[in-house]
Amino acid sequence: MKNKWWTRSDVLSRLAAASLLAFGLAACSGDDGSDGAPGKDVDPAVVDGLQQQIDELSQAANAETCVTCHVGDGAVARTGPDHQNYYNQFYQDGIVKVAQGSMALTAVGANQTVLTFKMTKNGASFDCRKTEAFAIGSYWSKYELGTKTFSDYMSLKPSASGISWNSATNVCTFTKSYTSAGDLANVAAIAANANAVVQLYGTDEILETNPEKHITSGKYPFAGVLRIGT
């Protein structure tokens, strides 16, 4: 490919063309400063009609709108504020508490465990024997340091007859006996102070339950954890 060398006249011609183009563009910019024709006042009925169309389109596109589930008259909350006030009742953390440092687990003989703990509600002693609108559970889970996994677990919650509460000390006691070989092996591990985690959890003042989906929704959830071993 041959290089093309521009002559002095070529350069001057191109500079002149560029200057004319810039001048032409500048001459075309700006406005004449005159006002446009006066417009008509908006019709409120037209605005209301447009807003209604927008609302209908938004409602049709929004799967979370209240009318998806709540249609017609009845006692069900049907507005956003009513829904929010109802939802605010759920999951109020910190009302019911498992007292920090109160949990302890021991093995009694070869087939029994005793779990003790304290609970409070709004700072006052709480009776863990409560049954109405109340749920509580507890599990022991063996922890393997080598693999950093939980290798086994066992429920510590007994039947109602195995749950007691001392009003003077606010100590709740779960006493449970076991018969299966696997559970007896876990009791032996507890007696040997094997590495494990004990979980205590539940909900007070339950408002909604869905047994089919194993869902329990209440006002006051609570939980406690005890780490055993190294």
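Just so you know, these numbers use all the heavy atoms, side chains as well, and skip hydrogens, waters and symmetry mates. Quick note: residue numbers are just sequence positions, from 1.
Note on Leu145 and Val225: same hydrophobic cluster, where clusters join Ile, Leu, Val, Met, Phe, Trp and Tyr whose side-chain heavy atoms are under 4.5 Å apart, directly or indirectly.
Under the 3.5 Å distance criterion, with hydrogens and angles disregarded, a donor-acceptor pair is assigned to the side chains of Ser161 and Ser159. Side-chain polar atoms of Thr203 and Tyr91 form no donor-acceptor pair below 3.5 angstrom.
No more than 12 heavy atoms of other residues, nucleotides or ligands lie within 6.0 Å of OH in Tyr153, so this atom counts as exposed by the packing criterion. Counting non-hydrogen atoms of other residues, nucleotides and ligands closer than 6.0 Å to NZ of Lys142 gives a total of 12 or fewer.
Heavy-atom minimum distance, Ser138 versus Leu115: OG-CD2, 3.3 Å. Closest approach of Met103 and Gly224 over heavy atoms only: SD-C, 3.7 Å. In terms of heavy-atom proximity, Tyr178 sits nearest to Leu184 at O-CD2, 3.6 Å. Taking each heavy atom of Ile163 and Lys157 in turn, the nearest pair found is CD1-CE, 4.4 Å.
Atom CZ of Phe90 is separated from atom CD of Glu208 by 5.0 Å, given to the nearest 0.5 angstrom. Atoms CG and CG, from Leu156 and Leu105 in turn, are 5.5 Å apart once rounded to the nearest 0.5 Å. With values rounded to the nearest 0.5 angstrom, Thr216 atom OG1 is found 11.0 Å from Leu207 atom CG. Expressed to the nearest 0.5 Å, how far CD1 of Ile228 lies from CD1 of Ile190 amounts to 6.5 Å. Separating the CG atom in Asn186 from the OG atom in Ser155 is a distance of 11.5 Å, to the nearest 0.5 Å.
Using a 4.5 Å cut-off on side-chain heavy atoms (C-beta onward), Phe134 and Phe126 make contact. Counting heavy atoms from C-beta on, the side chains of Met119 and Val96 come closer than 4.5 Å. Side-chain contact between Phe222 and Ile136 is present, with at least one heavy-atom pair separated by less than 4.5 Å. Using a 4.5 Å cut-off on side-chain heavy atoms (C-beta onward), Thr116 and Ser102 make no contact. When side chains are defined from C-beta on, Asn111 does not count as touching Val187, because their heavy atoms never get closer than 4.5 Å. No side-chain heavy atom of Thr113 sits less than 4.5 Å from a side-chain heavy atom of Trp140. Looking only at side-chain heavy atoms (C-beta outward), Lys219 and Ile95 stay at 4.5 Å or farther from each other.
The residue from Trp165, Phe117, Tyr139 that alone fulfils the ring pair (Phe, Tyr, Trp, His ring centres under 6.0 Å) condition with Phe174 is Phe117.
Contacts classified as disulfide (SG to SG under 2.5 Å) and involving residues 166-222 (residues at least two apart or in different chains) are given here: Cys128-Cys172. Screening residues 117-130 for side-chain hydrogen bond (donor to acceptor under 3.5 Å, both in side chains) gives Lys121-Asp204, Lys121-Glu205, Asp127-Arg129, Lys130-Asp204 as the qualifying pairs, with residues at least two apart or on separate chains.
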